[in-house]
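Notes follow once the structure below has been shown.
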2 protein chains.
Amino acid sequence: MSEKLGSGKQDRYMQPSILMALLDGRSHGYELLQHIGEYGFLKGDAPPGMIYRHLRQMEDEGLVVSQWDASGSGPAKRVYAITDEGREVLDAWVAYMERHAASLVAFVERYRSRS
Amino acid sequence: MSEKLGSGKQDRYMQPSILMALLDGRSHGYELLQHIGEYGFLKGDAPPGMIYRHLRQMEDEGLVVSQWDASGSGPAKRVYAITDEGREVLDAWVAYMERHAASLVAFVERYRSRS
DNA sequence: TGACATATATGCGTCAAGCACATAGGTTAA
DNA sequence: TTAACCTATGTGCTTGACGCATATATGTCA
């Protein structure tokens, strides 16, 4: 039955999740992959392609900045850091999510209260 | 700033809104248009084309059934009623929305608690 | 030297959203 | 009476994000 919900295309909140993770410090795509699932918006793992595309787009929009890091072992990493503009956008996201949560709760309430 | 949120493509929850409205009794597209905004998931008015497409698709899936009503004034209306399967899907939607709201609240909490 | 983990990125098909537009019946006012 | 408007239901087209598969490259370990 639940397979009819939203055709599997729910909002994954990739952008705010990435920005939130970057609040804790600079990181790179592959590392972010393993952490943004913690927020509960993804069912399984985040698709790698998605992360990198979001990061690139967010850099175009000035929300993050990147820098290559070739130190350490393994291939070079593109390390991202959040910008002031990114912080503002995250703040707006949180405000939006708060309103959205309120609407959801009200909807659920309304449904539950009609026995 | 907020124009960067989700590129304006937030989840409108059209399907559960329609099902919820039909719980209060049979109705038709044009009438639903004026009521499903009450749930707070739409910024302005719902786009008419969207409603009718959803209703058609939901009828294909067996969530609603329709019947022409030529009585009364004005053009004929296609009146929809929710089915048992529609009720089950709505129930699943509500459960999903409840979990989703919890994730959102947790995210907001996490953000707010880091001063 | 072959398999595997790390790390980033592109290409392609699909699907829903958003918007404009088309159709048509009925009512009302100039 | 006819033009404008409200009711009512749909279709067509473009765009953009998503999901998946795939490509590329480096370093490590058996």
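Below, read A as the first sequence line, B as the second, and so on, with proteins coming before strands; counting in each chain starts at 1.
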Report summary line: Per atom distances to the R78(A) side chain, the nearest of dA9(C), dA8(D), dG19(D) is dA9(C)
Requested in this report: For R56(B), report the nucleic acid contact type (base, sugar-phosphate, nothing); a contact means any heavy atom under 4.0 Å.
Outcome: sugar-phosphate
Query - Residue closer to the 5' end of DNA chain D, Y52(B) versus H54(A) (nearest nucleotide) - result: Y52(B)
Query raised in the report: Out of dA7(C), dA24(C), dA9(C), which has the shortest distance to the side chain of Y80(A)?
Result: dA9(C)
Requested in this report: Give a yes/no on whether any side-chain N or O of R12(A) is located under 4.0 angstrom from OP1 or OP2 of dG19(D).
Outcome: yes
Report task. Please determine if a side-chain N or O atom of Y30(A) lies less than 4.0 Å away from the OP1 or OP2 oxygen of dT8(C). Result -> no
Requested in this report: Would you please say whether a donor-acceptor pair under 3.5 Å links the side chains of Q57(A) and H54(A)?
Outcome: no
Requested in this report: Look at the side chain of P47(A) and decide which nucleotide, out of dT9(D), dG19(D), dA7(C), has an atom nearest to it.
Outcome: dG19(D)
Query raised in the report: With a 3.5 Å cut-off and just heavy-atom distances, do the side chain of R53(B) and the base of dG18(C) make a donor-acceptor pair?
Result: yes
Query - F41(A) and Y13(A) aromatic ring geometry - parallel, tilted or perpendicular at 30°/60° bounds - result: tilted
Query raised in the report: What orientation do Y96(B) and W93(B) show, parallel under 30°, tilted 30 to 60°, or perpendicular over 60°?
Result: perpendicular
Requested in this report: Measure from the side chain of W68(A), starting at C-beta and using heavy atoms only, and say which of dA8(D), dT27(C), dA9(C) lies closest.
Outcome: dA9(C)
Report task. Start with the C-alpha distance between E109(B) and S113(B), add both sets of side-chain angles, then the distance that settles side chain to side chain donor-acceptor pair (under 3.5 Å), and finish with yes or no. Result -> CA-CA 6 Å; E109(B) 274 300 307; S113(B) 70; 6.0 Å; no
